[in-house]
Amino acid sequence: MPDFAEGVPCWADCALPDAAAGRRFYGALFGWTFREPPGAGESYAYVGPHPVAGLYRKPDGRLPTTWTVHFATPDARRLLDRVRAAGGTAISGPRAVGDLGVGALAADPDGAVFGLWQPGTDKGFRELTAPGSYAGSEVRTRDSAAVDPFYEHVFGYVGHDVPGPGGTRLWSPGDAAPGIDTAVLGRAVLEPGEVPAELPAHVLVRFRVEECAATAAAALGLGGSLREGPRETEYGTFAELADDQGAVFGVVAE
């Protein structure tokens with residue numbers, strides 16, 4: 001698998017109160033196995049021989065229990081400067097993680113949090129097609145007028161609005177023709193009255209599965225919850241779930 005271009009999601013990880021419980025939940029749900037690379041500070045989830053995600057214990061109980069997508073960059077410091085200039089917030093970093101790479105956290109103008117990853121020896125995902133691997137992410141916002149130009153400026157994306165309800169936009173790298181086949185990130189609008197007012201802007205991380213309804217049932221059996229779906233679309237069948245510690249994620253069967 002080639003290295004990831006700037007602005008392309010290259011990793012996803014989850015901050016949990018109990019990382020060992022997280023390994024049990026996701027290991028049973030997706031068939032993940034786990035290893036702990038030296039210096040990484042988190043357990044890497046594997047599908048076969050390939051790393052697909054990370055789990056780690058939250059260092060502070062006040063931090064949210066959540067999945068985070070990380071975007072590749074050759075220069076995390078420079079990209080954080082661009083985040084600030086575009087109206088976003090630098091939350092932490094850049095911070096070197098041994099020789100693995102340099103990481104940072106940032107937020108868009110509506111507060112949705114994402115990561116940046118400047119790779120060293122760790123390039124990120126090494127499997128993107130098998131069940132249990134990363135399938136995509138969607139920014140969920142109430143302020144698309146501020147968020148759309150932010151991502152398009154920071155990462156150089158070109159956008160493509162999807163016809164139909166939901167206010168969905170797909171972003172592709174600037175050197176690609178916009179569309180579903182080239183998209184690396186999506187955006188949906190949180191409509192008033194359809195979601196709780198206290199739900200913050202966020203980025204939903206999705207994983208591939210063979211069958212959404214069966215995965216949702218398995219998550220319920222493991223102590224998780226079903227938040228939405230399964231719903232069929234022309235792009236696949238989607239469901240939104242939460243694990244047994246409250247971290248929200250999506251699954252898609254194409």
Side-chain angles (χ1 to χ4, degrees), residues 6-15 58 60 62-73 76-94 103-117 134-174 178 180 183-207 227-229 235 238 240-242 246-250 252:
E6 184 165 71
V8 176
C10 65
W11 192 243
D13 55 22
C14 189
K58 293 193 297 184
D60 186 331
R62 294 170 295 181
L63 295 174
T65 299
T66 185
W67 278 95
T68 301
V69 65
H70 300 261
F71 299 98
T73 177
R77 187 173 301 279
R78 177 185 56 80
L79 194 55
L80 271 184
D81 288 342
R82 211 152 69 218
V83 165
R84 295 186 190 96
T89 304
I91 297 173
S92 65
L105 285 177
D108 69 24
D110 199 23
V113 175
F114 58 89
L116 307 176
W117 183 247
Y134 174 83
S137 293
E138 183 178 77
V139 178
R140 297 192 165 180
T141 182
R142 292 180 175 82
D143 192 356
S144 59
V147 162
D148 288 2
F150 169 82
Y151 286 97
E152 289 161 17
H153 173 77
V154 170
F155 295 119
Y157 294 150
V158 291
H160 167 69
D161 290 320
V162 178
T168 301
R169 187 170 178 82
L170 298 176
W171 282 309
S172 302
I180 184 67
V184 295
L185 184 66
R187 185 269 291 144
V189 176
L190 298 171
E191 297 289 352
E194 294 184 5
V195 296
E198 62 272 15
L199 179 68
H202 60 281
V203 181
L204 179 71
V205 176
R206 293 191 177 107
F207 297 95
R227 291 170 54 97
E228 181 185 338
Y235 306 113
F238 294 84
E240 186 175 324
L241 307 166
V248 176
F249 61 100
V252 55

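If you're wondering where the values come from, they're calculated on a predicted model, not measured in any experiment. Residue numbers run from 1 in the order of the sequence given.
- Glu228 pairs by the side-chain hydrogen bond (donor to acceptor under 3.5 Å, both in side chains) definition with Arg231, not counting sequence neighbours.
- Within the 3.5 Å criterion, the main-chain N or O of Arg142 finds a donor-acceptor partner in the side chain of Asp110.
- In plain terms, the two heavy atoms of Leu116 and Ala76 that are nearest each other are CD1-O, 4.2 Å.
- Taking both residues in full, the closest heavy atoms of Pro109 and Ala86 are given as CG-O, 4.2 Å, listed atom of the first, atom of the second, then distance.
- Nearest approach of Ser92 to Leu80, heavy atoms of both residues: O-CD1, 4.3 Å.
- The side-chain hydrogen bond (donor to acceptor under 3.5 Å, both in side chains) search around Tyr157 returns none, not counting sequence neighbours.
- The salt bridge (charged side-chain N to carboxylate O under 4.0 Å, His left out) test applied to Arg77 returns no partner, not counting sequence neighbours.
- Taking CG of Asp148 as the start and CZ of Arg187 as the end, the distance is 4.0 Å to the nearest 0.5 Å.
- Under the rule for a side chain to side chain contact (heavy atoms under 4.5 Å, CB included), the partners of Arg78 that lie at least two apart in sequence or sit in another chain are Glu6, Thr73, Pro74, Asp75, Arg82.
- Nearest heavy atom pair, residue Lys58 against residue Leu63, reads NZ-O, 2.7 Å.
- Applying the side-chain hydrogen bond (donor to acceptor under 3.5 Å, both in side chains) rule to Trp117 yields no partners; only residues at least two apart in sequence or on another chain are considered.
- Here Ala12 pairs with Trp67, Phe125, Tyr134, Val205 under the side chain to side chain contact (heavy atoms under 4.5 Å, CB included) rule; sequence neighbours left out.
- Applying the side chain to side chain contact (heavy atoms under 4.5 Å, CB included) rule to Val248 yields the partners Leu204, Arg227, Glu240, Ala242; only residues at least two apart in sequence or on another chain are considered.
- Val154 is not listed as a side-chain neighbour of Phe71, based on a closest heavy-atom distance of 4.5 Å or more.
- From Thr89, atom OG1 reaches atom CG of Leu105 across 12.0 Å, with rounding to the nearest 0.5 Å.
- Counting only heavy atoms from C-beta outward, the side chains of Leu190 and Leu199 approach each other to under 4.5 Å.
- The side chain to side chain contact (heavy atoms under 4.5 Å, CB included) test applied to Thr66 returns Pro64, Thr68, not counting sequence neighbours.
- Phe155 CZ to Phe114 CZ: the interatomic distance, rounded to the nearest 0.5 Å, is 4.5 Å.
- Closest approach of Val184 to Pro173, counting heavy atoms only: CG1-CD, 3.9 Å.
- Note that CG of Leu170 is 8.5 Å distant from CG of Asp161, once rounded to the nearest 0.5 Å.
- Residues Gly159 and Arg169 approach most closely at CA-NH2, 3.4 Å, considering heavy atoms.
- For the pair Thr141 and Phe150, the minimum side-chain heavy-atom distance is 4.5 Å or more.
- Proximity of Ser172 to His160: side-chain heavy atoms (C-beta onward) are nowhere separated by under 4.5 Å.
- Residues meeting the salt bridge (charged side-chain N to carboxylate O under 4.0 Å, His left out) test with Asp143, sequence neighbours left out: none.
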